[in-house]
Amino acid sequence: MAHVAEWKKKEVEELANIIKSYPVIALVDVANVPAYPLSKMREKLRGKALLRVSRNTLIELAIKRAAQELNNPDLEKLIDHIQGGAGILATEMNPFKLYKLLEESKTPAPAKPGAVVPRDVVIPAGPTSISPGPLVGEMQTLGIPARIEKGKVSIQKDYTVLKAGEVITDQLARILNALGIEPLEVGLNLLAAYEDGIVYTPEVLAIDESEYINLLQQAYMHAFNLSVNTAYPTGQTIEAIIQKAFLGAKNVAVEAGYVTPETVEDIFGRALRAVLLIAQELPEELLD
Amino acid sequence: MEYVYAALLLHAAGKEITEENLKAILEAAGVSPDEARIKALVAALEGVNIDEVIEKAAMPVAAPVAVAA
Amino acid sequence: MEYVYAALLLHAAGKEITEENLKAILEAAGVSPDEARIKALVAALEGVNIDEVIEKAAMPVAAPVAVAA
Amino acid sequence: MEYVYAALLLHAAGKEITEENLKAILEAAGVSPDEARIKALVAALEGVNIDEVIEKAAMPVAAPVAVAA
Amino acid sequence: MEYVYAALLLHAAGKEITEENLKAILEAAGVSPDEARIKALVAALEGVNIDEVIEKAAMPVAAPVAVAA
Amino acid sequence: MEYVYAALLLHAAGKEITEENLKAILEAAGVSPDEARIKALVAALEGVNIDEVIEKAAMPVAAPVAVAA
Amino acid sequence: MEYVYAALLLHAAGKEITEENLKAILEAAGVSPDEARIKALVAALEGVNIDEVIEKAAMPVAAPVAVAA
């Protein structure tokens, strides 16, 4: 590194030291994050993760150096994921939690021509504050069901103008801005995270929480069913076990027409309902 | 509703729902049976699938049946 | 269910639900009545307010049914 | 319901539901068994598929009851 | 379910649900009772108001049933 | 419910549900295991097809009312 | 499902659902835990009110039965 400027050497050393002293190292892309959101982001991360923005080449050197000094070639795999304006996030947080935190910290941003939307953009049905003008015609040419109602533009029904991954056109940017719809988001995009020999990519880190909630409910139902069906009582299931036994006994008694104080109502109810249902089939003159 | 009970009793007992059978039961219950109603009942029940009706009636929670009793 | 229909028939006819009455009806229906079941039924119905039970049974959806009209 | 619980206990234990077996259980429970009720229960359970009926109790029954509104 | 039926039988008979009582009933039913299961059941039933629990079960679903008319 | 989860964990992991295995898991979870409850669980699960039992709806759903008006 | 059972076991035992705790349980069950899955589970459950989630699961299908007119 003889040809490298002194400050760069120092920067690489500092970065390498950070990389060496945290279990989780993530790469983030800060290229499209304006200064103000970036400083908000730093605030949010304070105490949880250390954010260092640098040049991509220096980060690459620092990772190599740290990998060498730690004798950990796996760490070098992170280099493949450097892109955009890279920064490193050093943390003790589990990479999944880190990803979740970054995603949750993203804030909506207004439409910009040429930008790619991260998710579908829907113009919701309902009145708007837009006064009639040339914009209405533009909307209609794009297929947006806009109409004038009570002197304002009104959207007739929900309309998806962009699918996730599509690019915002000039015209659409104007329309979305007029409608106050913010289809973009600003925040740190995680590129990859390293922990313990494994490099995690965003596809892996993006967990579907509702899926886990489903699994929790399923697991609970399994335990509940097992406990009740085998009559193994627990604090949460003893009531259900009693009820199951009672209802089973009651049903058998009702089915058998065996009258007890607990079954008389059901048994008579059945007989009575049978009578009433049959009465419905009978001509009126038969009923008194 | 006595007439219908009598019919269901016959059905539950596996007997045919005939005029004589109905009459016998009603008399045993101390009801003096009305010939015309018995005839009409037997005729009306001919197209009714009683087993089905009973199955429906066995549904644990019945519905607000139109009670024309 | 024969026994139950017989009991309800008696009730509908305004007669008391006694062993003899049940027996008479069941015999009229061509069933040879089982003494034990008759006794057990009469015993089980002792102290039961049949009118009340019927009333409840006839409108079973009495539970808190929220009706969205 | 004691008698019914006793019967289901026998059933769950894989034993036959007989008068003697019911009696033995009820006595062990400190109940002096009533012959008529025991006989009646045994008779009533004849032909009832207990497993099926119990299962029904555990299943949500949602079949629509057609009702005249 | 044997153990639970035995417990409900004791309850219905107005007896206390103790290990000995459960054991006696199960033995009368020809089941050789498992000490651990008996203990576990008795422990689980402590503080449970069986009447209340049964009452809840007997009530048709408390959950609001939305009926569109 | 800890004990049941421990059993399910063993089952899902393809291990046998034995007293020792249950104990080891519970201890790893920081629970000091109760011998009687462990024994009772193992006894209750004997001969039980767990895959089937966990999928079988246990709760006697007290009759959702489907009313066609 | 092992991982989820392990998480619920910890929850039922009143312990925190952490990577170490999950690992200890899974190892006790003879499963060699997959770090990534453990991490993902812990992250996913962060901020989730498990009691609430379970409560919802415990509600049988009985809930609002909408009925067509």
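Chain naming here is simple, since letters A, B, ... match the order of the sequence lines and numbering starts at 1 in each.
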Inset, instruction - Provide the closest heavy-atom pair for F:Tyr5 versus G:Tyr5 in the form atom of the first, atom of the second, distance. - result: CB-O, 4.0 Å
Legend entry - G:Ile25 side, atom CD1; F:Glu27 side, atom CD - distance, nearest 0.5 Å: 12.0 Å
Inset, instruction - Can you see which heavy atom on F:Ala12 is nearest to which on G:Glu2, and at what distance? - result: CB-CG, 3.7 Å
Legend entry - Partner chain G: residue of F:Ala24, F:Ala28, F:Gly14, F:Ala29 with the largest heavy-atom pair count (under 4.5 Å): F:Ala29
Inset, instruction - Give the member of F:Leu26, F:Asn21, F:Leu10, F:Leu8 that has the highest number of heavy-atom pairs under 4.5 Å with chain G. - result: F:Leu8
Inset, instruction - Give, as side chain, backbone, both or neither, the part of F:Leu22 having an atom under 4.5 angstrom from any heavy atom of chain G. - result: neither
